[in-house]
Visitor: 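Quick one: the structure is below, questions incoming.
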Amino acid sequence: MPVQGLSRRAAWAEGQPISDLMATALANPQLISLAAGFVDQQTLPVGPTHAAIEALVATPERARRALQYGITPGYAPLRERLIEQLELPPGLPAPSVEQVVITAGSNQLLHLVCESLLDPGDIVLCAAPTYLVFLGTLGNLGCRSYGVATDRQGMIPEALVEALERLEHDGELSRVKAIYLVPYFDNPQGVSMPQHRREAVVEIAKRWSRRNHHLHVIEDAAYRLLRYEGDDIPSMWTVDEEHDTVVVAGTFSKTFSPGLRVGWGILPEHLVRPVCNQKGNIDFGSPNFNQFIMAEVLDQGLFMPHVEYLRKAYSRKLECMLAAADREFGPLPGVEWVRPQGGLYVWVTLPEEIETGPSGTLQDVAMEEGVLYVPGQYCFPLEGEPAHANTMRLSFGVPTCENIEKGMAALARAIRRVMDGGA
Ligand SMILES: Cc1ncc(COP(=O)(O)O)c(C=O)c1O
């Protein structure tokens, strides 16, 4: 029942599956969680953070600057270093430091970009499935998420064009403001987009933009550095020759520390002022001390060795999960999974008739067997490509290899029970 006196936004913010999943995990600590998308507690960078803080406080004048408010777009030396994180191929023009805005995690950047581009009722085209928190961000703003079909290489450009044609036919094209993608080791599917698809998406965005209606592409690069196999692919920023279409969202949450919560955006020039205006009204700058710490970590050359360490640690866990999937799910008919080259997730598809969400039986049976997962249906936009209710997201970030193996065995038992009708 709507509560008197609350805003429409308060109502739009209701019903977040992530809060329910976290509450279930906290209330049942004996369960193995393959659900949480958190990073591995044991790998958090205590040593590098200690060294950075020690160096920072060793110079009182600098320490005082770090302990003071900063400026809305963030600490300039760190913003300069973040341009390097784009890893532009040599010879390409780099964005200016003014185009870099530091935020409290990339979620805040995504939020501010949406606040700057979207009015209630506007539409963002997303891969189906996509990052479920971003779907919540859109819902919170009274905006619509419209799913575009994907395959093992992410969003399908032909399906993107079909979605745009459908929306144009329905008279809704002017409401479509952006395309949101996680092109590196997607959350939740773990898939990556090859270069030709990235080029195609940017080309489509430009082609479908109109004089008063610019279609932006939001590249969420949260997992770019967590690559365990293959070669890096340049940011979509590099295929946007006019630099007026692609927004890049980055974060140190996965590659260093989510507790510091330092994220950033690289923005087309025309978006800098609107995003900083929004941010100015909210917090006029993200925690300054954390930005100084990250700048120090980068300056002391502590960041990339930590990323190397994470790559080794997570690739071992990914191998554990994939080996357990081969062993436990392999014998189950109609069960398929993606083998990602990076990131933190493995996406599993079950036979059509098995629902992984609250309207099926698997979720409860899996809890009886001792394991939690994220039902895939939560990751699907509300419109467009329909949700695939027979899917689930598994994460290997938090659990140990031993618990990954136990969790996968428990999940296989649960799936078998549901398949056998004995649940
Ligand atoms: C795809 C994606 N983008 C962005 C984020 C946000 O991270 P943060 O706000 O901590 O930078 C996450 C976190 O899980 C994510 O999976």
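As the structure lists them, so they are numbered: ligands from 1, and atoms in each ligand from 1.
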Visitor: List by chain and number: which residues place a heavy atom under 4.0 Å from ligand 1?
Guide: G105, S106, N107, Y131, V182, N187, D220, A222, Y223, T251, S253, K254, R261

Visitor: Using salt bridge (Lys or Arg N to Asp or Glu O under 4.0 Å), reason through R339 and D326 one step at a time and then give a plain yes or no.
Guide: CA-CA 11 Å; R339 306 183 89 86; D326 288 340; 3.1 Å; yes

Visitor: Classify the side-chain pair H306/T255 by whether it contains a donor and acceptor separated by less than 3.5 Å.
Guide: no

Visitor: Can you name the disulfide bond (SG atoms under 2.5 Å apart) partners of C320, sequence neighbours left out?
Guide: C401

Visitor: Please list all pairs meeting ring pair (Phe, Tyr, Trp, His ring centres under 6.0 Å) that have one or both residues in residues 98-157, counting only residues at least two apart or in different chains.
Guide: F134-Y180

Visitor: For S235, check side-chain hydrogen bond (donor to acceptor under 3.5 Å, both in side chains) against everything at least two apart and list the hits.
Guide: E219

Visitor: Please work out which of the three classes, parallel, tilted or perpendicular, describes the rings of Y228 and Y314, given edges at 30° and 60°.
Guide: tilted

